[in-house]
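Being a predicted model, the structure only gives us computed values, none of them experimental. Both ligands and their constituent atoms are indexed starting at 1 by order of listing.
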Amino acid sequence: MANRRLTRREAIQSGAGAIVGAAAVLAGAEVSRVSAQGGAVVATPPPARDPRFPLPPSWNRELRQLAPNVYAYSQGGGPDMSGPGVSNAGLIVGADYSLAIDAMQGPLPAKAFIAAARQTTGKEIARLVNTHHHGDHVNGNQFFTRAEISSHPYCREEVLKAVANTPKTWAPTPGVVEAAEPRVLVPPTVTFKDDVTYYIGGNEVQLRFAGPAHTWGDVMAYLPKQKILFAGDVAFFWVAPYANNSYISKWIETCDKIAGWDVDVIVPGHGPIGGKKELAEMANYFRVLGVEARRRYDAKMTPGAAAAEIRLGRFDNWIGPERLIMDVVRWYEEWDGTLLPDYNANAVREATIEYNAIKAGAKKTGQIIPLDRMVALAVPC
Ligand SMILES: [Zn+2]
């Protein structure tokens, strides 16, 4: 087992096969298949929880009115949810049409959202904003057939890159796809680099560029009159944040900036609706992890060994705790000066293999993370 930390370049050159033979099954085609728009998230036995701290709450899939003509479509979840990759959406209703924020991950949630929106408001969705390029926010674009779709240019570029590798058929997946049906990844057709404001039905909707944070192309929707923020994946509440395409220190800065805004309600990309307190907690996840990881980085530990050792207290109980590994890798890349917008699949895989080897050596096999689960983590949120 490699104890010396590899630079990103070395890791890419050596590949995970140099670490453990089992990695060979994931080499080549498997890695090239890895994209931001992959399939469903599968269940995994999570690393241990910390009994001293509370578990996440449970919440419902519902179209909830937050203010006149303003709705959040939250996906259901709770402490035992198997797929943290289900994402929330938003809806702003005008006199003639509605604007939707995010398209979700597949036919079932997208169609349910569109039907609920139509039934509740009587309006068609004529505009759709993609907060960023991850599949669980853009894969449902094809179902918003009457909507003009807009995003940051980086989001559009990433979606365009993923079009060729998108399967032609939706494969049945619990909660996402009921039966096979034609699939097409529809890219945004309007882009904006900075901020754009819509005035819809008496609501001022400011689309604000927030990146780089969760990705290099994050957009949030801020309604100053109602003090509501649809944060996209700049906010994860009770769900471990996914950082494979992130610039973590700048993400923390964005959270700190939002703390100074006039906001009462924050709709996160993942997790139950909350506010500034919950957003500060997510930033704290990264801060606590940053302190723990930095100590081990300075001691020249590898990211996998660091992740196997780190305990995060209350954050260990969040949904998707295995994301600790990718988040450590991402911190390391920032400190190494090797951070890129793209997901470093090799580094995350290598760290996962080492993490598992350490857990197995310590006979903590219940904390082993299946490698296919970490490959599935290329299915982002
Ligand atoms: Zn995301």
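Within Asp233, the N, O or S atom at minimum distance from the Zn ion (ligand 1) carries the name OD2. The closest approach of His134 to the Zn ion (ligand 1), by N/O/S atoms, is made by ND1.
Heavy-atom neighbours of Glu253 CD from other residues, nucleotides or ligands within 6.0 Å: above the threshold of 12.
Taking the six-membered ring where tryptophan is involved, the planes of Trp331 and Trp335 are essentially parallel, since the angle between them stays under 30° and well short of 60°.
At a cut-off of 2.8 Å, His214 is counted among the residues with an N, O or S atom near the Zn ion (ligand 1). The Zn ion (ligand 1) lies under 2.8 Å from an N, O or S atom belonging to His132.
A cation-pi arrangement, defined by a distance under 6.0 Å to the six-membered ring centre and an angle within 45 degrees of its axis, is present between Arg208 and Trp261.
For Lys161, the salt bridge (charged side-chain N to carboxylate O under 4.0 Å, His left out) test picks out Glu158, with sequence neighbours left out.
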